[in-house]
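The structure under discussion appears below in the form of structure tokens.
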There are 2 protein chains.
Amino acid sequence: MPLTSPTRERLTAGIARLVQAGRYVSSRAADSLYGDLPSFGWALLVPLERDGEQRCSALALQSGVDVSVASRQVTALERSGLVERRPDPHDGRASLIRLSAAGAAALAQTRALRAEWAGEALADWDEDDACLLSELIERLTDDLDRAAPPAVRTAS
Amino acid sequence: MPLTSPTRERLTAGIARLVQAGRYVSSRAADSLYGDLPSFGWALLVPLERDGEQRCSALALQSGVDVSVASRQVTALERSGLVERRPDPHDGRASLIRLSAAGAAALAQTRALRAEWAGEALADWDEDDACLLSELIERLTDDLDRAAPPAVRTAS
DNA sequence: TCCGTTTGGTTGCTGTCTGCAACGGACCCT
DNA sequence: AGGGTCCGTTGCAGACAGCAACCAAACGGA
């Protein structure tokens with residue numbers, strides 16, 4: 001128990017506020033660029049970029065959503081040309097999903113847009129603080145990810 | 001343009017990840033305590049606690065949702081006994097919403113639960129880092145809140 | 001080889017939540 | 001008073017989630 005109780009509460013309260021603010025921003029970013037596709041689909045693109053080609057169920061697991069949801073999202077993303085799908089050579093039931101060039105570009109574009117907005121909001125920040133915050137947030141998220149999975153586990 | 005581009009991208013990517021992780025955690029926290037009421041209702045309780053008694057439209061504005069949504073949430077929260085509502089003595093159209101004792105208790109309980117979870121996830125953090133991160137996150141959220149409202153405007 | 005079982009994915013159904021629009025009532029200014 | 005404005009509620013439609021039923025392919029024992 002290295003953290004005092006008030007600090008933990010303060011930190012979680014801060015995170016909660018940030019999550020709320022970020023939710024708004026990210027939803028906005030998505031439909032300002034590609035309003036015609038399900039906004040949540042972006043969550044699938046990230047693991048695709050990070051881990052490369054993989055199957056639908058793996059995507060669902062990583063995003064913490066039901067397989068059916070992932071399936072629909074993938075269909076939509078495929079229609080939009082952001083991902084490509086090919087049958088798994090080793091398993092006729094499965095498909096492998098891959099980020100297309102357009103998908104990678106769209107992802108980069110979204111990031112750029114977000115960064116631009118952030119630049120406006122953080123006009124009076126200096127580089128050191130931003131770097132420090134980045135580091136701390138990355139560390140925090142890593143720890144959160146590590147602690148969360150047990151709950152994500154479909155009880156399986 | 002005080003922040004370099006890579007820093008901005010890094011920071012926004014980190015925030016995006018954190019938002020995603022936090023979304024999961026907060027939804028989980030809400031329905032593990034009070035699964036019978038709309039999970040989003042908690043977002044209304046926070047401004048109520050912070051700014052005291054206020055009217056429905058103010059609540060909606062602060063939470064960034066439509067007035068109709070806030071109205072429904074308030075109704076649900078009132079049924080659950082977490083808030084109390086009384087007619088505005090100065091304006092017969094409006095109601096003033098106030099956090100009830102039960103609401104304050106529930107809020108505290110939720111915070112405690114979140115803090116407990118955080119304590120597990122952040123077992124290897126020290127007090128200084130956590131405080132520093134809290135400060136930075138608070139500052140960040142303040143800036144984000146300040147920058148966001150212009151965008152909230154009906155999307156065009 | 002054959003057949004029952006397991007697994008991957010898709011689709012239908014249902015419920016929740018959101019925003020927009022229309023409405024009723026109260027306020028304010030003339 | 002009377003018209004315009006504002007607050008809040010409710011009806012409606014759309015987006016998205018999960019569960020469950022379903023098909024097809026792979027697996028495994030007899």
Side-chain angles (χ1 to χ4, degrees), chain A residues 20 23-24 26-28 30-32 34-44 53-80 83-98 151-156, chain B residues 20 23-24 26-28 30-31 34-44 48 53-80 83-98 151-156:
Chain A
Q20 191 182 346
R23 185 179 319 208
Y24 164 74
S26 62
S27 74
R28 189 155 203 66
D31 59 53
S32 93
Y34 292 84
D36 55 333
L37 60 81
S39 59
F40 182 72
W42 294 101
L44 298 184
E53 195 175 47
Q54 54 194 299
R55 54 178 60 182
C56 192
S57 54
L59 240 44
L61 190 63
Q62 290 195 40
S63 306
V65 297
D66 192 82
V67 184
S68 64
V69 176
S71 173
R72 283 186 257 259
Q73 302 284 6
V74 166
T75 303
L77 291 171
E78 191 186 16
R79 265 202 309 270
S80 303
V83 304
E84 291 164 358
R85 144 196 271 159
R86 61 161 185 155
D88 186 330
H90 301 318
D91 190 335
R93 299 168 297 181
S95 294
L96 292 176
I97 318 297
R98 190 163 48 87
V152 177
R153 294 301 176 221
T154 334
S156 73
Chain B
Q20 191 180 348
R23 182 179 323 209
Y24 165 74
S26 62
S27 73
R28 194 155 199 67
D31 59 53
Y34 291 84
D36 56 330
L37 58 82
S39 60
F40 183 73
W42 294 101
L44 299 186
L48 272 179
E53 194 175 46
Q54 55 194 299
R55 53 178 61 182
C56 193
S57 55
L59 242 42
L61 189 64
Q62 290 196 40
S63 306
V65 297
D66 192 82
V67 183
S68 64
V69 176
S71 172
R72 283 186 258 259
Q73 303 284 6
V74 166
T75 304
L77 290 172
E78 190 186 17
R79 265 202 310 270
S80 303
V83 303
E84 291 164 357
R85 144 197 269 159
R86 61 162 185 152
D88 186 330
H90 301 318
D91 189 336
R93 300 168 296 180
S95 294
L96 291 176
I97 319 295
R98 189 164 48 88
V152 176
R153 284 308 166 217
T154 59
S156 64

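In the text below, chain A, chain B and the rest are named by the order of the sequence lines, each starting its count at 1.
- Side-chain contact between B/Arg55 and B/Ile97: absent, with no pair of heavy atoms (C-beta onward) separated by less than 4.5 Å.
- Whole-Å rounding puts the B/Leu77 CG to C/dC17 C1' distance at 14 Å.
- The closest donor-acceptor contact from the side chain of A/Ser71 to the backbone of A/Val67 lies at 3.5 Å or more, if one exists at all.
- Nucleotide D/dG18 holds its P atom 13 Å from the CG atom of A/Leu61, rounded to whole Å.
- Contact annotation: B/Gln73 side-chain N/O to C/dT18 OP1/OP2 distance is under 4.0 Å.
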Protein heavy-atom contacts under 4.0 Å, written 5' to 3' over nucleotides 3-11 of chain D as B (base), S (sugar-phosphate only) or - (none), form the string ---BSSBBB

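- Looking at B/Arg85 and B/Leu96, their side chains never come closer than 4.5 Å, going by heavy atoms from C-beta outward.
- Contacts of B/Arg98 classified as side-chain hydrogen bond (donor to acceptor under 3.5 Å, both in side chains), with partners at least two apart in sequence or in another chain: B/Glu84.
- Under the salt bridge (charged side-chain N to carboxylate O under 4.0 Å, His left out) criterion, no residue pair touches residues 58-70 of chain A, with sequence neighbours excluded.
- Looking at B/Ser63, its side chain does come within 3.5 Å of a backbone N or O of B/Leu59 through a donor-acceptor pair.
- Rounded to an integer number of Å, the gap from CD1 of A/Ile97 to P of C/dG8 is 14 Å.
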